[in-house]
Amino acid sequence: MDFQKPRYTPMSRRRRIYEGKAKVLYEGPEPGTLIQHFKDDATAFNAKKHEVIEGKGVLNNRISEYVFQHLNDIGVPTHFIRRLNMREQLIREVEIIPLEVVVRNVAAGSLSQRLGIEEGTQLPRSIIEFYYKNDKLNDPMVSEEHITAFGWASPQEIDDIMALAIRVNDFLSGLFLGVGIRLVDFKMETGRLWENDMMRIVVADEISPDSCRLWDIKSNEKLDKDRFRRDLGGLVEAYTEVAKRLGIMGEGERPQGSGPVLVKS
Ligand code: UDP
């Protein structure tokens, strides 16, 4: 008998590579690819606060797809290949660099707390910060000296990461400004993509209202995960508003429901 391997492994038999707080990675249909699945889980303060918010994963999948597809289109390399369904996207497998790269345009959050600068103060220029991705240590802030001394990234790679961060910030600032939203700050992750013997740094993970601070320009209303962190409520409504303004979700389209259900193994 001739057993043809299906192009897509059924959900139940898919190998789970990694499960994080808000996403799961499964093996992809081809070598060098993965499937990134967006869950509805919301966490903050290093997962000390946790809730399941129905519809969040669907919205982040769509918003992140929109951002990554446009980054690819303007020549900013990313891990994104294409969206597969309501909750999943096909991505290239990369070697994640263990740094959270934060770009800030306006003072907020930890910067305001640490340096005593009032939230909402425009910064004299965009500021890039690095945090070491390590939950046990609470993702501590690190300097370029730490990054190179401990071998997390080389000086050349740090230069490449900073150049990417600036391009992503410029793109996102313009994108959101065009729909009446101020990009206060955001976090991005990067990875090493190997193509034969060549390696380049690409933008990885997700860029969504979970990882950005987005304020309505007129009202200063928060349209991001601070609604959850600060118990403001209305998170799905806020993310839906971002999606609508970007033209991703039509009027009346609901983020809830459908899409594959996460299979627990
Ligand atoms: N951020 C993130 N994941 C983290 C920490 C921060 O996506 O683990 C994002 C956050 O949403 C904000 C930016 O990075 O857009 C800067 O966050 P900040 O350092 O102010 O930390 P926070 O106030 O969230 O603790």
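These figures come from a predicted structure and were not determined experimentally. Atoms within a ligand are numbered from 1 in the order they appear, just like the ligands themselves. These numbers come from the heavy atoms of this one structure, side chains and all, not from hydrogens, waters or symmetry mates.
With R83 as the fixed residue, the side chain to side chain donor-acceptor pair (under 3.5 Å) test singles out one of Q36, Q69, E88, E65: E65.
Residues passing the side-chain hydrogen bond (donor to acceptor under 3.5 Å, both in side chains) test with R200, sequence neighbours excluded: E195. Judged as a side-chain hydrogen bond (donor to acceptor under 3.5 Å, both in side chains), and not counting sequence neighbours, the contacts of N61 are Q89. Partners of T78 by side-chain hydrogen bond (donor to acceptor under 3.5 Å, both in side chains), not counting sequence neighbours, listed by chain and number: N72.
If you look at ligand 1, the protein residues with a non-hydrogen atom under 4.0 Å away are E100, V102, R104, A108, G109, S110, Y131, D139, D185, F186, K187, D210, S211, C212, R213, R229.
V101 and V168 fall within the same hydrophobic cluster, where Ile, Leu, Val, Met, Phe, Trp and Tyr residues are linked whenever their side-chain heavy atoms come under 4.5 Å apart, directly or through other members.
A side-chain donor from one of S110 and R104 sits under 3.5 Å from a side-chain acceptor of the other.
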